[in-house]
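Structure record follows, encoded as structure tokens.
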Amino acid sequence: MPLPPLPTRPRVRQGLWFPLSLGVLVLLALPGAVLLALSLLGRESAANGWLRTNFSLSYHNPLPVPAAIFLFLIPLVLVLLYFLKLRRKATEVPSTFLWRKSIEDLHVNSLFQWLRDNVLLLVQLSVVLLLIYSALAFQVHGRSTTPGRYFILLIDSSASMSVTDVAPSRLDVARTEALNEIDSRPEGDTGMVIEFNSRAAILQPYTRDKALLRAAVRRISQTSRVTRIDEALSLADSLANPLRSGENEAVRPTGENPAEARTYVSADGILAEVHLFSDGRFPEVAGFTAGNLSMVFHRIGAPGTDAVNNVGIVNFSAVRDDKDGSKLQVFVRTLNFRKEPADITIELEWRVAGQADFKIKEQKVRLPGRFLEKPDPEKSKVTRDNPGEAAVTFDLPDID
């Protein structure tokens, strides 16, 4: 006998509210996605210049690159998961009904089949959109009636900043603290970035663009040079306490290119805060006076002599033998700043001109521990720091 007709339920016509809401979220996400992409491509400064000119806005992406890429891809992955998601339930049905449902299943992955009323998808996309705009840290720029303050960041990149007594290294911690200092400055403040080791260089002249200051700090890389601060202080001092007429505001040329403009100051100089990020142990600078500079020292590294765990080469030289010019003597001096003695191996590699292979010599050395000599109250109040010391000599024959 024929089967009775299957009960049917009226179809509810899909409304337009879901695709419209989804379209609005996509339009809102586009500016954030573009700004995040520009930040990943290193174009944050150019984007900030356009935003500040047209909308009095600026933004900053503080996230590391992997986290920013992950956040950038979340909306796409979320929508893709909904697009591929299939929902099937096992149901006993007559054969004719089964054929009809199977045909409908073929269209599940069509382009707009997944586009159905789904409030959860809208909520998830809204949360991700909020996270993206929160991470961009927008700032509104108004017109200030009072001039901002000046600050200078001096960042040490000498060999001792590679020590890992603070993770991941002293230089990484110094960069992080310098970036935090930039972020904490109010709008209108003008900053400069100076890197120093055995030499000093201005990585970013005075600017109010925080993106340029951050980029300059991130460009600082580890070196194997010694620490000298005199040149860095001289650079900072030249603008705060000008001695040369070429730095005076009165000699600024007319119609100069803003992109190539140098920093000019008044004859009275500039009051500036100097933030020094270093592990210290640099010699005193004879004859230096702060003047208009206000010094703030950010000590990098674990505090206290017991936390020091550093052994290194401090002198290296090579000289010819006076009697036999084919012989070369190499002198190496090492210091141990640990509290305990250190057994080390000094390895020397060299290559003769015209030969591809390197030759190797090594010497084992035992360095005594560091000793702090207490001061004599009647003669001196200074504690003498005596690191363990050893020197070795390598004799290299037949060196052309």
Side-chain angles (χ1 to χ4, degrees), residues 14-87 109 111-142 167-168 172-189 191 208-219:
Q14 186 179 19
L16 294 177
W17 69 270
F18 179 75
L20 288 177
S21 301
L22 191 60
V24 170
L25 287 179
V26 171
L27 291 177
L28 290 176
L30 282 177
V34 171
L35 293 177
L36 190 58
L38 289 174
S39 176
L40 292 173
L41 295 174
R43 304 292 297 171
E44 185 176 310
S45 298
N48 275 329
W50 184 84
L51 286 173
R52 183 174 295 196
T53 302
N54 294 276
F55 302 101
S56 298
L57 290 175
S58 66
Y59 78 102
H60 165 52
N61 173 29
L63 298 175
V65 174
I69 294 176
F70 177 74
L71 185 61
F72 182 79
L73 295 177
I74 282 181
L76 180 62
V77 173
L78 190 62
V79 173
L80 185 61
L81 289 176
Y82 271 87
F83 177 71
L84 297 176
K85 190 174 183 180
L86 299 177
R87 297 181 180 179
N109 284 334
L111 184 58
F112 296 103
Q113 180 68 21
W114 61 274
L115 193 61
R116 56 179 178 269
D117 299 355
N118 195 320
V119 178
L120 182 58
L121 175 60
L122 295 179
V123 172
Q124 291 172 337
L125 288 176
S126 299
V127 172
V128 174
L129 184 64
L130 181 62
L131 288 176
I132 291 177
Y133 281 102
S134 299
L136 293 179
F138 281 98
Q139 292 182 345
V140 179
H141 300 271
D172 289 310
V173 173
R175 279 195 294 249
T176 300
E177 291 193 11
L179 291 173
N180 292 337
E181 179 64 32
I182 294 172
D183 293 339
S184 68
R185 307 299 301 196
E187 284 301 320
D189 281 11
R208 294 185 181 181
D209 191 336
K210 291 186 177 182
L212 293 177
L213 295 173
R214 295 188 196 99
V217 170
R218 294 191 181 103
R219 287 200 306 270

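No experiment lies behind these values; they were computed from the predicted model shown.
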[atom2] on [Y] to [atom1] on [X], rounded to 0.5 Å:
{"X": "Thr176", "Y": "Arg218", "atom1": "OG1", "atom2": "CZ", "answer": "9.5 Å"}
{"X": "Asp189", "Y": "Glu181", "atom1": "CG", "atom2": "CD", "answer": "9.5 Å"}
{"X": "Leu30", "Y": "Leu35", "atom1": "CG", "atom2": "CG", "answer": "11.0 Å"}

Looking at [X] and [Y], what are the two nearest heavy atoms and their distance?
{"X": "Ala167", "Y": "Val173", "answer": "O-CG2, 3.6 Å"}
{"X": "Val217", "Y": "Ala178", "answer": "CG1-CB, 4.1 Å"}
{"X": "Ser126", "Y": "Leu25", "answer": "OG-CD2, 3.7 Å"}

Results of side chain to side chain contact (heavy atoms under 4.5 Å, CB included) for [X] - residues two or more places apart only:
{"X": "Ser21", "answer": "Trp17, Leu122"}
{"X": "Ile69", "answer": "Leu40, Val65, Leu73"}
{"X": "Ala211", "answer": "Glu44, Ser45, Asn48, Asp209, Arg214"}

Would Val24 and Leu20 count as a side-chain contact (heavy atoms from CB on, under 4.5 Å) here? Give the steps.
CA-CA 6 Å; Val24 170; Leu20 288 177; 5.6 Å; no
